[in-house]
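Chain letters run A, B, ... following the sequence lines, proteins first and then strands; every chain starts at 1.
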2 protein chains.
Amino acid sequence: MKRKTKYVLLGLLRDESLTGYELKSAIDNRMSFFWQESYGQIYPELKMLLEDKMIDVLSDNNETKHDKVKYKITNRGLSVFNKWMNEENEKDTVRSEALLKFFLADSTNLDALTKHLEIYNKHSVDLLELYLQYERQLTGLVGVHDNHKYLLEILSLGIKQQELYSQWSREYLKKIKRNVL
Amino acid sequence: MKRKTKYVLLGLLRDESLTGYELKSAIDNRMSFFWQESYGQIYPELKMLLEDKMIDVLSDNNETKHDKVKYKITNRGLSVFNKWMNEENEKDTVRSEALLKFFLADSTNLDALTKHLEIYNKHSVDLLELYLQYERQLTGLVGVHDNHKYLLEILSLGIKQQELYSQWSREYLKKIKRNVL
DNA sequence: AGTCTCATGTAAGCCGTTACATGATTCA
DNA sequence: TGAATCATGTAACGGCTTACATGAGACT
């Protein structure tokens with residue numbers, strides 16, 4: 001997949017001005033079920049976006065403070081973002097070592113399978129809680145921002161996905177413990 | 001994520017002897033919802049596994065035919081695989097440009113959103129059908145191989161996932177068309 | 001005084017895709 | 001005979017993670 005970091009940053013900055021650190025947090029906390037970025041991509045990309053006039057530094061009142069820079073999107077950035085929105089998507093890339101092990105497991109690995117299922121279940125439940133929290137936060141502000149409706153739609157997919165994962169792994173564990181498998 | 005191709009190949013070869021090409025097909029057809037590999041990884045990895053005595057060439061009857069080589073796993077390969085099975089998993093990596101656009105969409109992109117939802121829906125339905133086909137194929141052979149029970153468990157997750165994706169996108173499209181959003 | 005979170009940034013190196021090259025076999 | 005699928009392989013390039021470096025502010 002070609003460089004997409006640009007669009008993630010631009011997309012998030014349409015909504016509110018954020019620092020590089022805050023952008024990373026937003027991606028980790030709200031988008032982790034379908035996307036991730038590292039600082040090694042974010043900071044260099046912000047620099048390039050600034051050079052290309054797609055974002056601007058939001059001048060903070062504090063003088064001589066060079067750290068903590070909030071960025072805002074420019075019209076040029078907006079138009080680049082909108083162009084991307086209309087382009088065709090590249091195909092998804094996914095790699096889940098847990099699911100790989102579940103796929104490759106058999107009766108000779110029952111102990112390992114059980115261990116990984118337990119970890120997977122805990123992780124799914126935790127992520128589910130994180131997204132539910134975000135949902136509550138958004139529904140508490142209904143009407144404030146129009147595009148929350150769209151955010152809630154994709155969030156509901158993330159929630160249902162985590163529900164599926166946690167239920168599936170719980171049931172699988174039950175079967176193993178009952179010696180059904 | 002560190003190189004995992006080795007374990008995918010080893011894991012698949014535990015079940016049956018396959019060529020590099022067949023390994024690629026198996027990954028594409030049955031594991032695409034959580035994994036993918038390219039020829040550029042598979043062939044060099046097979047070479048290394050052979051050098052490291054983790055796999056062997058399955059001597060085919062045809063003499064002087066150097067193409068179409070089936071590989072079988074060795075005891076050494078099996079033990080490396082089992083060791084990996086018990087190790088901790090690295091965290092998943094996921095990148096879905098479609099979901100990224102769904103997350104970043106708002107009322108100014110309704111047309112693009114609709115277009116991408118339609119493509120996404122079609123893709124989910126197609127994948128669902130592919131997995132259902134594989135499931136039918138496996139249930140037709142129940143009892144033949146013990147580990148089909150485990151395969152059916154993870155397959156059912158893939159099926160439920162695709163059902164979720166296709167239902168979610170269908171409902172989302174309905175809402176847009178009814179002007180609810 | 002020490003730890004944690006916030007905050008920014010770079011460079012090396014790994015991993016994996018893509019593009020290219022080649023040829024056999026099957027089917028229409 | 002031409003197209004599609006089966007089949008194997010390599011090399012260059014690009015993208016991303018990891019490790020490292022640095023420091024402020026908040027809290028204990």
Rounded off to whole Å, could you give me the OH-to-P distance for the B/Y21 and D/dC6 pair? 4 Å
Determine whether A/R95 and B/E90 satisfy the following criterion, salt bridge (Lys or Arg N to Asp or Glu O under 4.0 Å), listing intermediate values before the conclusion. CA-CA 10 Å; A/R95 296 202 143 197; B/E90 290 185 62; over 6 Å; no
Select one nucleotide: of D/dT18, D/dG15, D/dA7, the one nearest the side-chain heavy atoms of B/K91. D/dT18
Salt bridge (charged side-chain N to carboxylate O under 4.0 Å, His left out) partners for B/E16, two or more places apart: none
Report which part of the nucleic acid A/S38 touches: base, sugar-phosphate, or nothing (heavy-atom distance under 4.0 Å, all strands). base
Whole-Å gap separating C1' (C/dC15) and CD (B/Q36): 13 Å
Residues that, via side-chain heavy atoms closer than 4.5 angstrom, fall in one hydrophobic cluster with B/V94: A/V94
Whole-Å distance between C/dT17 P and A/E90 CD? 12 Å
Does the side chain of B/Q41 pick up a donor-acceptor pair with the side chain of B/S38 at under 3.5 Å? yes
Are any protein N/O atoms closer than 3.5 Å to N/O atoms in nucleotides 19-21 of chain C? If there are, list each pair with its distance.
none

Taking the nucleotide of DNA chain D with the nearest heavy atom to each, does B/R95 or B/Q41 sit closer to the 5' end? B/Q41
Nucleotide C/dC6, atom C1' - distance to CG of A/L18 in whole Å: 14 Å
When rounded to whole Å, the NZ to C1' distance for the pair B/K47 and D/dT10 reads 8 Å
Enter the distance from B/N89:CG to B/K91:NZ here, rounded to the nearest 0.5 Å. 12.5 Å
Contact nearer the 5' end of DNA chain D, comparing B/Y43 with B/M1: B/Y43
May I have the distance from B/E45 (atom CD) to C/dG16 (atom P), rounded to whole angstrom? 10 Å
Taking side chain as C-beta onward, heavy atoms only, is A/Y165 less than 4.5 Å from A/H123? no
Looking at A/K47 and A/E51, does any basic side-chain N land under 4.0 Å from a carboxylate oxygen? no
Can you measure B/K24 atom NZ to C/dG16 atom P for me and round it to whole angstrom units? 13 Å
Nearest to side-chain heavy atoms of A/K2, which nucleotide of C/dC15, C/dG9, D/dG15: D/dG15
Side chain of A/R3 - closest among C/dT10, D/dG15, D/dA7: D/dG15
Please report the distance, rounded to the nearest Å, between CD in B/E51 and P in D/dG9. 12 Å
Would one find a side-chain N or O of B/T19 under 4.0 angstrom from OP1 or OP2 of D/dT8? yes
